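A short write-up of the structure that comes next.
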Amino acid sequence: MTAKPYSFANVAVSEWTKLRTVRSTFWTFVVGGVLGVGLSALISGVSASHYYSDVVIRATWDPVGRSIRPLLLAQLAFAVLGVLTVTAEYSTGMIRTSLAAVPKRTKMMAAKMTISALSSLVVGEVVAFAAFLVGQTMIHSVQPTVPYATLGQHNVLRVVIGAGLYLALVGLLASGFAVLLRHAAAGIAVIVAMLFIIPGLAAALPTSWSQPIEEYWPTNAGTEVYSLGHGAHALSAWVGLGEMALFTAVVIGVALYVLERRDA
Amino acid sequence: MIEARNLTKSYGATLAVDDLTFDVKPGTVTGFLGPNGAGKTTTMRMIVGLDRPSKGTVTIDGRRYRDLPVPLQEVGALLDAKAFHGGRSGYNHLLCLAQANGIPRRRVDEVLAIVGLDAAAKRRAKAFSLGMGQRLGIAAALLGDPRILIFDEPVNGLDPEGIAWVRRLMRDLAGAGRTVFVSSHLMSEMALTADHVIVIGRGRLIRDESTARFIDSSSTRSVLVRSPSTPRLNELLIREGATVETDPSGALVVVGLDAARVGEIAAQAGVVLHELAPQRASLEEAFMELTSESVEFHATGSTNGGQGDR
Ligand SMILES: Nc1ncnc2c1ncn2[C@@H]1O[C@H](COP(=O)(O)OP(=O)(O)O)[C@@H](O)[C@H]1O
Ligand SMILES: [Mg+2]
């Protein structure tokens with residue numbers, strides 16, 4: 001029998017079937033969307049209603065940030081999806097069947113990550129645009145006299161598109177850790193530490209320490225894409241996102257190296 | 001053909017598979033026999049590339065499993081009754097496997113029909129009974145219509161009807177010229193289905209021969225004799241070269257002479273017999289004896305490190 005060898009495309013189609021045929025995928029994205037857009041609407045609306053009574057809000061008014069920054073909570077859902085697509089293989093025993101069908105492990109895992117990252121990117125962009133548009137609408141309808149943003153303004157489109165990219169990248173990074181750790185709880189703990197705990201702790205350090213951590217910590221660097229302008233001590237948007245992408249690539253590289261060598 | 005050469009696997013201090021060399025030849029059902037913990041599952045995991053051998057190699061028609069161009073079309077393996085995602089339907093489970101190897105979708109319906117899961121295929125697999133899970137695993141193994149099938153303890157946990165079905169399936173597959181490599185910890189199971197047996201104990205090869213030969217060579221024969229004049233008969237039989245033991249009920253267990261000869265000796269000497277019964281050790285006993293020897297051998301044989309189990 002001279003069979004045609006299976007291709008990356010075959011495996012990617014298979015991974016797409018895997019992703020779309022479990023309910024958790026849909027619900028995780030729904031949670032991410034509702035959390036992101038809902039929080040964006042809430043924070044945008046509340047901020048606008050305090051625009052005239054709160055001097056600080058007025059002085060630092062940034063309508064784009066008010067509607068896009070809330071996505072930094074919704075990123076948890078994308079992280080969870082990134083972890084679960086990998087760890088469900090291990091917790092269910094599916095990994096044995098998957099690797100029997102696709103013994104080239106890097107191919108299997110790379111296809112899985114490609115598919116879940118592409119799905120997260122599509123959902124992430126939809127959520128980012130929805131959060132922006134809903135947020136601006138809230139601002140405008142709560143206080144019609146408060147300045148609001150449009151996609152046509154300088155850098156605004158970059159922020160919104162970048163926000164969706166960042167969400168997909170968070171999912172990929174989470175998948176990389178999940179391949180290394182193989183357990184959902186461990187994977188989620190590590191990505192939560194990366195995203196929230198370590199940056200939070202760093203803030204408690206002396207400025208000379210916390211300032212470079214805040215600037216260069218990979219997931220912090222990635223969030224630079226959320227800002228319209230950049231302070232003296234901040235990476236530019238794409239450099240920051242690039243640093244996070246590079247870090248993600250290294251984590252995934254190590255994870256695939258380990259995956260190829262250990263017992264499944 | 002599956003070829004294992006000096007296949008060895010250790011997990012830390014545990015030597016699970018110890019220098020196994022064997023061939024699984026095409027067109028036969030080869031039984032892979034050994035008590036629990038003998039290393040059967042580990043060996044099968046190494047065949048399909050899930051575990052890396054610590055030493056040695058195992059190949060499928062000369063190629064490593066990971067180098068097979070379309071693995072599911074060459075080897076179908078059932079290693080575990082629960083190697084699927086319970087949240088996915090049986091149909092979608094098989095569909096994603098078929099897609100990974102470029103197998104047409106209609107084949108999913110075919111194998112579902114073969115294993116009798118067509119009616120349940122749209123239900124989520126977590127609702128499946130153990131037997132249905134086993135059938136789903138077998139359906140996955142058959143998906144690529146492979147020449148080689150590997151089944152790890154396929155009848156475990158099945159009801160009698162399921163057991164009969166699996167046995168028939170294995171014989172049909174071999175009848176159609178396929179290679180079937182099936183493990184069990186029960187000799188009786190293998191006696192019914194296997195043409196050839198590979199017996200291991202503590203990871204080591206004990207036997208590799210036809211089932212008929214294995215049964216023949218490993219079942220010792222003895223004769224049970226009951227007589228009112230046991231001491232006199234005992235003496236006569238020993239003089240004829242037999243080995244004689246007395247069982248707890250007082251009967252003699254004679255090894256080395258057949259029942260006819262024992263009867264003749266007793267008749268010549270005028271000894272009355274109340275019972276004269278040829279005994280044949282059951283397969284299970286023979287198998288236990290064989291593998292317990294390997295256990296003892298191993299315990300005394302592991303001088304290096306001194307961390308033999310127990
Ligand atoms: N992943 C593992 N880690 C450590 N020990 C293992 C592992 N898998 C199997 N073993 C040990 O290897 C030996 C052989 O196990 P196994 O291959 O499952 O035997 P069998 O299938 O014949 O019952 C046993 O002592 C078992 O405890
Ligand atoms: Mg086993």
Side-chain angles (χ1 to χ4, degrees), chain A residues 1-28 84-112 114-116 182 184 257-264, chain B residues 9 11 41-42 44-54 64-89 91-103 105 124-126 133 136-137 140-141 143-147 150 152:
Chain A
M1 185 170 20
T2 51
K4 198 158 67 68
Y6 64 95
S7 63
F8 185 81
N10 289 136
V11 185
V13 170
S14 162
E15 290 298 332
W16 168 241
T17 300
K18 284 188 191 172
L19 189 69
R20 70 179 172 77
T21 55
V22 290
R23 290 181 195 178
S24 58
T25 306
F26 176 75
W27 289 113
T28 312
L84 288 187
T85 49
V86 172
T87 58
E89 290 268 350
Y90 289 96
S91 62
T92 59
M94 180 70 190
I95 188 74
R96 294 186 282 275
T97 310
S98 295
L99 291 182
V102 186
K104 295 205 189 319
R105 298 179 181 185
T106 294
K107 206 178 216 179
M108 194 280 271
M109 210 46 96
K112 183 186 292 298
T114 303
I115 292 299
S116 77
R182 289 187 273 187
Y257 178 88
V258 171
L259 176 73
E260 283 287 350
R261 272 148 197 88
R262 73 184 169 208
D263 292 338
Chain B
K9 178 71 186 179
Y11 296 107
T41 300
T42 304
M44 289 178 156
R45 285 174 58 88
M46 287 192 284
I47 295 173
V48 298
L50 293 175
D51 282 1
R52 306 186 130 222
S54 308
R64 288 184 311 164
Y65 186 86
R66 66 164 287 144
D67 295 330
L68 298 176
V70 190
L72 297 183
Q73 288 186 353
E74 310 217 20
V75 181
L78 169 77
L79 293 189
D80 200 313
K82 279 254 175 290
F84 49 78
H85 191 307
R88 203 170 278 135
S89 71
Y91 180 88
N92 284 329
H93 172 70
L94 295 173
L95 177 62
C96 75
L97 295 175
Q99 287 169 333
N101 274 208
I103 295 166
R105 184 185 276 256
R124 291 204 284 170
K126 73 173 74 163
L136 184 59
L143 204 51
D145 198 13
R147 284 168 296 117
I150 298 176
D152 191 14

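Please read these numbers as outputs of a predicted model, since none were measured by experiment. Residue numbers begin at 1 in each chain, while the letters A, B, ... track the order of the sequences.
The OG1 atom of A:Thr92 sits 5.5 Å away from the NE2 atom of B:His85 when rounded to the nearest 0.5 Å.
Only the side chain of B:Asp80 comes within contact range of chain A, with at least one heavy atom under 4.5 Å from a heavy atom of that chain. With a 4.5 angstrom heavy-atom cutoff, A:Arg20 touches chain B only via side-chain atoms. Residue B:Leu50 touches chain A through both its backbone and its side chain, counting heavy-atom pairs closer than 4.5 Å.
Looking at heavy atoms from C-beta onward, B:Leu97 lies in side-chain contact with A:Met94 at the 4.5 angstrom threshold. A 4.5 Å side-chain heavy-atom check between B:Arg124 and A:Arg23 finds at least one atom pair inside the cut-off. Under the 4.5 Å side-chain criterion, counting only non-hydrogen atoms from C-beta, A:Lys4 is not in contact with B:Val70.
Your options are B:Leu68, B:Asn92, B:Val48, B:Leu95, and the one with the most heavy-atom pairs under 4.5 Å with chain A is B:Asn92.
A salt bridge links B:Lys9 to A:Asp263: at least one charged side-chain nitrogen sits closer than 4.0 Å to a carboxylate oxygen.
When all heavy atoms of B:Asn101 and A:Ala101 are compared, the pair lying nearest together is ND2-O, 2.8 Å. Closest heavy-atom contact between B:Gly87 and A:Val22: C-CG1, 4.3 Å. Here the shortest heavy-atom pairing between B:Cys96 and A:Ser14 reads O-OG, 2.8 Å. Heavy atoms only, all atoms of each residue included: A:Arg96 and B:Lys82 are closest at NH2-O, 4.3 Å.
For A:Tyr257, the OH atom is loosely surrounded, since the number of other residues' heavy atoms within 6.0 Å does not exceed 12.
Distance alone, capped at 3.5 Å, places no donor-acceptor pair between the A:Tyr6 side chain and the B:Ile103 backbone. One N or O on the side chain of A:Thr97 and one on the backbone of B:Ala83 form a donor-acceptor pair closer than 3.5 Å.
A side-chain hydrogen bond (donor to acceptor under 3.5 Å, both in side chains) check over residues 100-110 of chain A, counting only residues at least two apart or in different chains, returns the pairs A:Thr106-A:Glu260.
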